[in-house]
Amino acid sequence: PDALRADDIVRFPRGATAGSCLHAVFEQCDFTDPLSWKQAIDNALLAYPLTLAGFSVKEQKKRLAGMVLTMLHDVINTELPRGIVLGTVGPHQRLTELEFSLPSAGLSANTMNQVLKSLGYDVPRLTFSRLQGYLKGFIDLVFEHAGRYYVLDWKSNHLGVGPDHYAQDAMSQAMTEHSYRLQYLLYSVALNRYLSRRVPGYHYDTHFGGVLYLFVRGARPGWKAVDGSAAGVYFDRPAHEAIARIDALLNAESIVSAS
C-alpha cells in the first residue's frame, strides 16, 4: 500500500459502516453532475462516521472525503461491459434501491440447491429451513442503457491493493464465498417481473442487459486484468432459462415496487 496515493480508496476503512457509507454516496449523487458529488460525500460521511488512526478529526474528514471523491470519479468513468460508462447514465435512466418482495412459501433449500447445480451456478450449499412468506430485499441500482436494463450492486470488499487482486478469478472467489450469485439471480427474477409489467412488448432476451457487481476499490480506468478486462468489474447475463426456472420456484405473484 505504500506505493498508493494518499487518497486511494484502498486506504479507506473496512467493515459494514464503511460499506454503508460508500453505498450512500452512490445512492445520493447524480453520476452526470460532478457538482453533486461533494454534497453526497459529505452527507454520507456525516451519516456513517469513520476514523483514520493518527489524524485529527478535521484531517480525517478531509482525507476520507478525498478518497471517496477519487473513487467516485474512477468508478463513474470506467468503461463497463456493453460500452457502458456510468457517467452517461442520467437520473431519469435509473432506479435506486428498488424494493422487491418475492413469494417463497414452501421453498426448500434442497430444491434450490438442485436447481442452482443444474444451472451450473457455483453457490455454497444452502441449509435454510423451508420458507414461509416472502423473500424481501433492495437492488442497489437498476439502470437503462441503449434500451436494455441492468442490475448493479456496489461492493466495498477489500480484496487487495492492486489490479490483480480485482481480476476475474479474485472476484469470482468473492462471489462464491459470499453467495453473491444467488443474490443476483434473485435480483434478476425480481427485475424481470418488474419490467414485464412496465415495459411495453417486454422480452427478456431483448430488454434484460445483465448484472454488474462493481468492487469499487478496484474499479478504475487505469486498472486492467491480464486478459484486458476492467479490474473490479464482474458481469453476468443469466440465461433466460435460469431466470425462468428460479421464477417457477416462486410460483405465486410477487410485489415489486420502486421506492
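The distance from the NZ atom of Lys117 to the CZ atom of Arg125 is 8.5 Å, given to the nearest 0.5 Å. The structure places CZ of Phe100 at 6.5 Å from CG of Leu186, a figure rounded to the nearest 0.5 Å. Remark: Leu152 CG to Leu80 CG distance equals 7.5 Å, nearest 0.5 Å. Distance CG/Leu212 to CG/Asp236: 10.0 Å, rounded to 0.5 Å. Remark: Leu22 CG to Ile41 CD1 distance equals 9.5 Å, nearest 0.5 Å. Annotation: the span from Asn43 atom CG to Gln28 atom CD amounts to 5.0 Å, rounded to 0.5 Å.
Taking the six-membered ring for Trp and the full ring otherwise, Tyr202 and Phe208 have centroids separated by 6.0 Å or more. A ring-centre distance under 6.0 Å is found for Tyr180 and Tyr213.
At least one donor-acceptor pair closer than 3.5 Å links the side chain of Ser118 to the backbone N or O of Val115. With hydrogens and angles ignored, the 3.5 Å screen pairs no side-chain donor or acceptor of Ser179 with any backbone N or O of Met175. One N or O on the side chain of Asp227 and one on the backbone of Ser229 form a donor-acceptor pair closer than 3.5 Å. Put simply, the side chain of Arg148 gets close to the backbone of Thr206: a donor and an acceptor are under 3.5 Å apart. Side-chain atoms of Gln60 come within 3.5 Å of backbone N or O of Leu52 as a donor-acceptor pair. Although no hydrogens or angles enter the test, the distance criterion places a donor-acceptor pair under 3.5 Å between the side chain of Arg220 and the main chain of Arg217. Remark: the backbone N or O of Cys29 is not paired with any side-chain donor or acceptor of Gln39 at under 3.5 angstrom. Of the possible donor and acceptor atoms, one in the side chain of Asn113 sits under 3.5 Å from a partner among the backbone N and O of Ala109. Not one N or O on the side chain of Asn192 forms a donor-acceptor pair closer than 3.5 Å with the backbone of Ser188. Looking at Ser56, its side chain does come within 3.5 Å of a backbone N or O of Glu59 through a donor-acceptor pair.
More than 12 non-hydrogen atoms from other residues, nucleotides or ligands lie less than 6.0 angstrom from CD of Glu177.
At least one side-chain heavy atom of Ile84 sits less than 4.5 Å from a side-chain heavy atom of Tyr150. Using a 4.5 Å heavy-atom cutoff, the side chains of Asp33 and Pro91 are not in contact. Two residues are said to be in side-chain contact when any heavy atoms from C-beta on lie closer than 4.5 Å; Pro238 and Val211 meet this criterion. Counting heavy atoms from C-beta outward, Thr176 and Arg181 have side chains that approach closer than 4.5 Å. Put simply, the side chain of Ile9 does not reach to within 4.5 Å of the side chain of Thr70, judged on heavy atoms. Between Thr32 and Thr88, every side-chain heavy-atom pair lies at or beyond the 4.5 Å cut-off. A 4.5 Å side-chain heavy-atom check between Ser156 and Phe215 finds every atom pair outside the cut-off.
Val233 and Val85 are assigned to two separate hydrophobic clusters, defined by single-linkage of ILVMFWY side chains at heavy-atom distances under 4.5 Å. Both Leu195 and Tyr187 belong to a common hydrophobic cluster when Ile, Leu, Val, Met, Phe, Trp and Tyr are linked at side-chain heavy-atom distances under 4.5 angstrom. Hydrophobic clustering, with ILVMFWY side chains joined whenever heavy atoms are under 4.5 angstrom apart, keeps Leu214 apart from Tyr184. The hydrophobic clustering, which links ILVMFWY residues whose side-chain heavy atoms are closer than 4.5 Å, places Leu119 and Leu135 together. Tyr48 and Leu64 fall into different hydrophobic clusters, where Ile, Leu, Val, Met, Phe, Trp and Tyr residues are linked whenever their side-chain heavy atoms come under 4.5 Å apart, directly or through other members.
Using a cutoff of 4.0 Å between basic side-chain nitrogens and carboxylate oxygens, Arg193 and Asp247 are scored as salt-bridged. Between Arg94 and Asp30 no salt bridge is recorded (no basic side-chain N to carboxylate O distance below 4.0 Å).
Ring geometry for His73 versus Trp37: interplanar angle over 60°, hence perpendicular rather than tilted (30 to 60°).
When all heavy atoms of Pro81 and Phe235 are compared, the pair lying nearest together is CG-CB, 3.7 Å. The heavy-atom pair separating Leu102 from Leu250 by the smallest distance is CD1-CD1, 3.9 Å. In this structure, Pro163 and Lys224 approach most closely via the heavy-atom pair CB-O, 3.9 Å. In this structure, Ala219 and Thr78 approach most closely via the heavy-atom pair C-OG1, 3.7 Å. In terms of heavy-atom proximity, Asp74 sits nearest to Pro221 at O-CD, 3.3 Å. Between Ala44 and Val25, the closest heavy-atom pair is CB-CG2, 3.5 Å.
Checked by atom type, the side-chain pair Arg198/Tyr149 shows no donor-acceptor distance below 3.5 Å. No hydrogens or angles considered: nothing links the side chains of Asp169 and Gln173 as a donor-acceptor pair under 3.5 Å.
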Apply the test side-chain contact (heavy atoms from CB on, under 4.5 Å) to residues Tyr121 and Leu182: give CA-CA distance (whole Å), side-chain angles for both, the deciding distance (0.1 Å), then the verdict.
CA-CA 8 Å; Tyr121 277 92; Leu182 175 58; over 6 Å; no
Apply the test side-chain contact (heavy atoms from CB on, under 4.5 Å) to residues Leu4 and Val161: give CA-CA distance (whole Å), side-chain angles for both, the deciding distance (0.1 Å), then the verdict.
CA-CA 8 Å; Leu4 297 172; Val161 299; 4.2 Å; yes
Run Leu159 and Met171 through side-chain contact (heavy atoms from CB on, under 4.5 Å) and show every step you take.
CA-CA 8 Å; Leu159 303 183; Met171 290 187 294; 4.2 Å; yes
Please test Val216 against Phe26 for side-chain contact (heavy atoms from CB on, under 4.5 Å), starting from the C-alpha separation and ending with a verdict.
CA-CA 11 Å; Val216 299; Phe26 286 110; 3.8 Å; yes
Under 3.5 Å, side-chain donor or acceptor atoms of residues 137-144 against the rest of the protein: list the pairs with distances, not counting sequence neighbours.
unit_1, atom_1, unit_2, atom_2, d
Asp140, OD2, His23, NE2, 3.0
Asp140, OD2, Trp154, N, 3.0
Glu144, OE1, Gln93, NE2, 3.4
Glu144, OE2, Ala146, N, 3.3
Glu144, OE2, Gly147, N, 2.7

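Applying the salt bridge (charged side-chain N to carboxylate O under 4.0 Å, His left out) test to every pair with at least one member in residues 150-165, sequence neighbours left out, gives these pairs: Asp153-Lys155.
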